[in-house]
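Down below is the structure, laid out as structure tokens.
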Amino acid sequence: MQAPYFFERLHMHSFRPARLARSIRTGLFLAAIGFVPVFGLTAHAADEKPATAAPAEAMRAEFSPLLKAFDELTKAKDFKAALAKLAEMDAIPNKTPYEEFTIERMRVSTASSAGDNVQTAISLEKTLASGRLPANEQLIFLQALASIKFQSNDFAKTIEWIDRYNKAGGNDPKMRYLHIQSLYNSKDYTKTLSELRNDIKADIAAGKVPNEDNLKIFLNCTVNLNDKLGYIEAMQQLTTYYPKKEYWEELLTRYAASTANAERFLASYYRLKIKMGLMTSAEEYMEMGDFLMRAAQPGETKRALDQGYAAGILGKGDTKKQNALRDKVNKAAQDDLKTLDQAETSLAKAKEGTGLINVGYAMVIAGKTEKGIALMEQGLKLPIKKLDEARLLTGIAYIEVGRKDDALKMFALVQSNDGGTELAKYWIMHTNKPLPK
């Protein structure tokens, strides 16, 4: 079976995680502080007598006209002019540490509102370095600073500020994701993979669904590291938790292309594709017909080909070849139907179970479900040369008759290192969480 190996043709844009930085806006963090014009800071002139006592630290009287002008400019949303007014305050000599802190703190929000991320970052750093920022605001400032560094593609600094945020007790999941994004964008794929694997395992252990973007980053890391086993792990997790058509198509394409998987399982591979509605070409249907006929299931082959014609996939292109196969299959299916009961009788004293499994499955497809399942279960009690194939087929028969729990138990028994166990896992995944139609 010829198919491109997806691992070697994966384009990074196929599974690109969302850019979280676009949703982490500096202003959102600062808005959480509740900044208002003059930011709740009062300047007291020497001759003023406020109703209540002045705070222990306050701006001197010479700042009052500048603060008033700054207040008016911010109310008018003229943030560039407001920044200029802050520069005038900054030029006043002999400022106290409190005055320097206050000016810089006001400049954070003003520069952010003006869209000046460079100045915002500078002022955030100075404000944090002052040691005067209230503890409940430090985490917000650290988040904002990490966000700005990320948006400017300074991933090393982003990681540095997130580390400080974590040490300060921060636990916002957005910061964890920003950290992962920064590691990935720094091309530290090994560390990114290690961090993500821990996060994903923790989510699963806690009964949570792993974040889809994290799984996509995980996948992309395995591609960059040429880690084929890790790629399969990531692809399976994506498909398990987010059963989308494109994920299933890539996973099954890789399965069919792998030379490690035996052809004896390809009939059941096509059964899964038909079950999921993923058959898209006449060539697939023709190849499927070949494998199902080799598996001695003409009735099932007829049903599958009929679906292909009904879907408009067959009946186009090389119709001569398609119609020839259909005629052959229809005749074989009619003959097989006539001999099913006779085959059951001839197998009554069988000492090996393969015949019972195959005839029983054919009966299930023909609508004789109770008798067919009974034969298959009888066959499993006897020695079977290819037990994994028999168990896989019995699980599929259970799916046909709506016995989901029995199917899952049977699939779990398939133990084969040449594609059987992997394919059984895909049947389990789809049975537990079917692909939406």
Side-chain angles (χ1 to χ4, degrees), residues 16-35 101 104-105 107-109 111-112 117-222 224-225 230 234 237 241:
R16 181 173 296 156
R19 288 295 297 269
L20 182 67
R22 295 294 173 262
S23 64
I24 301 179
R25 302 296 184 188
T26 308
L28 292 180
F29 289 117
L30 299 177
I33 303 174
F35 279 135
F101 162 73
E104 215 59 65
R105 190 176 184 278
R107 189 145 38 205
V108 169
S109 185
S112 176
N117 277 359
V118 173
Q119 182 59 60
T120 303
I122 293 171
S123 295
L124 281 167
E125 290 194 45
K126 288 183 177 181
T127 306
L128 285 163
S130 71
R132 292 173 170 268
L133 195 65
N136 65 322
E137 295 179 9
Q138 287 181 19
L139 291 179
I140 297 172
F141 274 59
L142 288 167
Q143 283 179 292
L145 190 50
S147 174
I148 290 175
K149 294 300 182 183
F150 185 87
Q151 290 181 56
S152 63
N153 296 325
D154 189 345
F155 304 118
K157 280 293 182 180
T158 303
I159 294 169
E160 180 182 323
W161 286 109
I162 291 176
D163 285 343
R164 284 191 55 177
Y165 168 81
N166 292 333
K167 290 177 182 178
N171 58 6
D172 190 328
K174 290 190 291 294
M175 287 294 100
R176 176 59 178 167
Y177 184 40
L178 203 65
H179 183 237
I180 295 295
Q181 284 266 11
S182 298
L183 287 172
Y184 178 78
N185 288 326
S186 299
K187 302 186 185 303
D188 191 346
Y189 303 123
T190 300
K191 188 171 183 180
T192 306
L193 198 60
S194 175
E195 294 283 330
L196 279 173
R197 187 172 270 119
N198 291 335
D199 286 359
I200 292 166
K201 284 182 179 179
D203 283 342
I204 294 172
K208 298 178 181 178
V209 174
N211 179 278
E212 185 176 9
D213 277 341
N214 278 348
L215 292 174
K216 290 178 182 178
I217 298 173
F218 190 113
L219 180 72
N220 287 343
C221 285
T222 66
N224 282 294
L225 293 170
Q237 287 179 332
Y241 294 106

Any pair counted as salt bridge (charged side-chain N to carboxylate O under 4.0 Å, His left out), so long as it reaches [range], sequence neighbours left out:
| range | result |
| --- | --- |
| residues 203-212 | Glu212-Lys244 |
| residues 147-157 | Glu125-Lys149, Lys157-Glu160 |
| residues 178-192 | none |

To the nearest 0.5 Å, tell me how far [X] [atom1] sits from [Y] [atom2].
| X | Y | atom1 | atom2 | result |
| --- | --- | --- | --- | --- |
| Leu124 | Ile148 | CG | CD1 | 5.0 Å |
| Leu215 | Asn220 | CG | CG | 11.0 Å |
| Ile180 | Ile159 | CD1 | CD1 | 9.5 Å |
| Leu219 | Gln237 | CG | CD | 10.5 Å |
| Thr158 | Gln181 | OG1 | CD | 10.5 Å |
| Leu145 | Trp161 | CG | CH2 | 5.0 Å |

Nearest heavy-atom neighbours spanning [X] and [Y]:
| X | Y | answer |
| --- | --- | --- |
| Val108 | Thr120 | O-CG2, 3.8 Å |
| Leu183 | Glu195 | CD1-CG, 4.0 Å |
| Thr127 | Ser123 | OG1-O, 2.6 Å |

- prompt: Would Asp172 and Tyr165 satisfy side-chain contact (heavy atoms from CB on, under 4.5 Å), going step by step from the backbone distance to the final call?
  reply: CA-CA 10 Å; Asp172 190 328; Tyr165 168 81; 3.1 Å; yes
- request: Would you please name every residue forming a side chain to side chain contact (heavy atoms under 4.5 Å, CB included) with Ala168, sequence neighbours left out?
  value: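 Partners of Ala168 by the side chain to side chain contact (heavy atoms under 4.5 Å, CB included) criterion, ordered by chain and then number, come out as Leu139, Leu142.
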task: Can you sort out the partners of Lys126 under side chain to side chain contact (heavy atoms under 4.5 Å, CB included), two or more places apart, ordered by chain and number?
output: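 Lys126 satisfies side chain to side chain contact (heavy atoms under 4.5 Å, CB included) with Glu104, Ile122 only.
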message: We want to know whether Ser147 and Gln143 form a side-chain donor-acceptor pair, criterion being a heavy-atom distance below 3.5 angstrom.
response: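 Looking only at side-chain atoms, Gln143 and Ser147 do not form any donor-acceptor pair under 3.5 Å.
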message: Contact between Asp163 and His179 at the side-chain level, heavy atoms closer than 4.5 Å - yes or no?
response: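 Yes - at least one pair of side-chain heavy atoms lies under 4.5 Å apart.
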- prompt: Is there a side-chain contact (heavy atoms from CB on, under 4.5 Å) between Ile162 and Phe150 once you walk through the steps?
  reply: CA-CA 10 Å; Ile162 291 176; Phe150 185 87; over 6 Å; no
- request: Run the numbers on Asn224 and Tyr184 for side-chain contact (heavy atoms from CB on, under 4.5 Å), then give the verdict.
  value: CA-CA 10 Å; Asn224 282 294; Tyr184 178 78; 3.7 Å; yes
- request: Please name all residues satisfying ring-ring contact (aromatic ring centres under 6.0 Å, His included) with Phe101, sequence neighbours left out, ordered by chain then number.
  value: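 Testing Phe101 for ring-ring contact (aromatic ring centres under 6.0 Å, His included), a comparison that skips the adjacent residues, returns none.
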message: Using only atom types and a distance under 3.5 Å, with no angle test, would you say the side chain of Ser186 pairs donor to acceptor with the backbone of Ser182?
response: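 Yes.
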query: Hey, does the side chain of Tyr189 reach the backbone of Phe218 with a donor-acceptor pair shorter than 3.5 angstrom?
result: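 Not at all, since once roles are kept as given, no pair shorter than 3.5 Å links the two residues.
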- prompt: Under the side-chain contact (heavy atoms from CB on, under 4.5 Å) criterion, do Tyr241 and Ile204 qualify, and how do the steps go?
  reply: CA-CA 10 Å; Tyr241 294 106; Ile204 294 172; 3.4 Å; yes
